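Data block below; observations after.
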Amino acid sequence: MVRAEGVRKCYGHDEVLQGVNLAVSHGEVMCVIGPSGSGKSTFLRCVNHLEKIDAGRIWVDGRLVGYRQRGDKLYELCDRDVAEQRRDIGMVFQRFNLFPHMTVLDNVMEAPMRVKRDPRELAQACSLELLDRVGLTRHQQNYPSQLSGGQQQRLAIARALAMRPKLMLFDEPTSSLDPELVGEVLDVMRDLAHDGMTMIVVTHEMAFAREVGDSLVFMDGGAIIEKGAPREVLANPRHERCKAFLSKVL
């Protein structure tokens, strides 16, 4: 579903991604861990072209992301074509990024109606199913400001799912939540994984990575330092930098 080859990203003289290579299969849950500033979130944003890469290639479901290749040269897609690619990629951020002036139901309905041109009746029916899935049915006429942080993040997940994506990207979705609210968001993500959704999850929730992840990637300094089965990496890290990091978070 996702393939990255030699992905590099620079901000000025600071190279935040240094030739990242990885592959994510259909239905796989890949968890990405590492210290702050290691390039985890930047890589996630590159997968749906929110950040433009400086070298390398990224494919999602066989399609080159953000560019068209002719011969050996890459040509960046126009905004319309990039937006069309993003329809297949759902993303949930650290901050909820909800529409504050819209009700819970309208937040979920908006993209299917405006982008996919779904009839209002279809969009509403599908949105209500999603709200039921994330446990927000009784809040459908509330506004985001009337929800708890955990409820807002569950709403953000429902809104991303409303576009019926092939791939879900999670950028530390529980990092801004109070500890008692983390579990309700992770439960929704577990259900998605059990249903076969392909997911890349940047997270500090090691128990979630161990339980739900099919693969685990440790990043540091813009590079993948270690990769393997979550239980194996967490229990027996091979790289000294990974050992040092895990000794402080486990």
Side-chain angles (χ1 to χ4, degrees), residues 1-7 17 19-34 38-51 53 56-66 85-94 130 133-134 153 156-158 160-175 185-220 222-239 242 245-246:
M1 177 62 79
V2 181
R3 182 159 57 98
E5 293 184 356
V7 174
L17 294 177
V20 172
N21 298 290
L22 60 75
V24 184
S25 301
H26 286 265
E28 179 179 349
V29 178
M30 174 178 283
C31 294
V32 184
I33 64 171
S38 59
K40 309 183 301 297
S41 296
T42 298
F43 174 74
L44 215 60
R45 293 172 64 85
C46 289
V47 172
N48 64 0
H49 205 60
L50 287 175
E51 295 285 355
I53 61 177
R57 306 281 193 279
I58 299 175
W59 293 264
V60 172
D61 201 25
R63 297 180 65 188
L64 188 62
V65 172
Q85 285 189 335
R86 289 195 187 121
R87 296 181 189 183
D88 292 332
I89 306 172
M91 186 161 184
V92 178
F93 301 86
Q94 297 178 36
L130 288 170
R133 182 174 188 175
V134 300
Q153 194 61 295
I157 294 173
L161 291 174
M163 290 294 288
R164 302 183 287 279
K166 298 176 181 178
L167 168 70
M168 284 289 288
L169 308 175
F170 291 88
D171 186 9
E172 298 189 25
T174 61
S175 64
V185 174
L186 294 181
D187 285 343
V188 173
M189 295 170 65
R190 284 187 185 92
D191 288 342
L192 286 178
H194 293 156
D195 287 346
M197 174 64 74
T198 308
M199 300 159 59
I200 304 178
V201 184
V202 172
T203 184
H204 291 300
E205 301 293 336
M206 301 302 162
F208 175 86
R210 183 186 295 109
E211 174 193 348
V212 180
D214 297 301
S215 59
L216 182 69
V217 166
F218 173 74
M219 290 186 68
D220 188 43
I224 293 177
I225 304 299
E226 190 161 342
K227 179 184 176 183
R231 293 178 184 274
E232 180 180 339
V233 173
L234 294 176
N236 299 294
R238 298 186 303 274
H239 196 280
C242 189
F245 174 79
L246 292 175

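Start at 1 with the first residue, then count along the sequence. Not measured: the values here are computed from a predicted model.
Side-chain contact between C242 and V233: present, with at least one pair of heavy atoms (C-beta onward) separated by less than 4.5 Å. Here the side chains of F170 and L192 are in contact, with some heavy-atom distance below 4.5 Å. Looking at heavy atoms from C-beta onward, K227 lies out of side-chain contact with L216 at the 4.5 angstrom threshold. Between V7 and I58, some side-chain heavy-atom pair lies under the 4.5 Å cut-off.
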Side chain to side chain contact (heavy atoms under 4.5 Å, CB included), that's the test. Do D187 and V185 meet it? Break it down for me.
CA-CA 5 Å; D187 285 343; V185 174; over 6 Å; no
Apply the test side chain to side chain contact (heavy atoms under 4.5 Å, CB included) to residues M206 and I33: give CA-CA distance (whole Å), side-chain angles for both, the deciding distance (0.1 Å), then the verdict.
CA-CA 8 Å; M206 301 302 162; I33 64 171; 3.9 Å; yes
Quick one, D171 with M91, criterion side chain to side chain contact (heavy atoms under 4.5 Å, CB included). Give me CA distance, side-chain angles, the key distance, then yes/no.
CA-CA 8 Å; D171 186 9; M91 186 161 184; 4.3 Å; yes
Does F93 form a side chain to side chain contact (heavy atoms under 4.5 Å, CB included) with L50? I'd like the steps, not just the answer.
CA-CA 12 Å; F93 301 86; L50 287 175; 3.9 Å; yes
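Between the E51 side chain and the C46 main chain, no donor and acceptor come within less than 3.5 Å of each other. Although no hydrogens or angles enter the test, the distance criterion places a donor-acceptor pair under 3.5 Å between the side chain of E226 and the main chain of R238. Proximity of a side-chain donor or acceptor of N48 to a complementary backbone N or O of R86 within less than 3.5 Å is not detected. Side chain of Q153 to backbone of P173: a donor-acceptor contact under 3.5 angstrom is found. Using a distance-only test at 3.5 Å, with no hydrogens or angles considered, no donor-acceptor pair links the side chain of R57 to the main chain of E5. R190 places no side-chain N or O within 3.5 Å of a backbone atom of F208 that could act as its donor or acceptor partner. Without hydrogens or angle criteria, K40 side chain to G34 main chain gives a donor-acceptor distance under 3.5 Å. The backbone N or O of S41 lies less than 3.5 Å from no partner atom in the side chain of E172, so there is not a single donor-acceptor pair. Although no hydrogens or angles enter the test, the distance criterion places no donor-acceptor pair under 3.5 Å between the side chain of E28 and the main chain of M1.
Nearest approach of N21 to G6, heavy atoms of both residues: OD1-N, 2.7 Å. Summarising the geometry of V60 relative to V65, their closest heavy-atom pair is CG2-CG2, 3.6 Å, with the distance given to 0.1 Å. Between V32 and I200, the shortest heavy-atom contact is CG2-CG2, 3.9 Å. Closest non-hydrogen pair, I89 versus V47, comes out as CD1-O, 3.8 Å. Of all heavy-atom pairs spanning A158 and L130, the tightest one is O-CD1, 3.6 Å. Closest of all the heavy-atom pairs between A160 and G90 is CB-CA, 4.2 Å.
Between the side chains of D220 and S38, not a single donor N or O lies within less than 3.5 Å of an accepting N or O.
Remark: of the listed residues T198, V2, D88, D88 is the sole one forming a side chain to side chain contact (heavy atoms under 4.5 Å, CB included) with K166.
A salt bridge links R133 with D195: the distance from a Lys NZ or Arg NE/NH1/NH2 to an Asp or Glu carboxylate oxygen falls below 4.0 Å.
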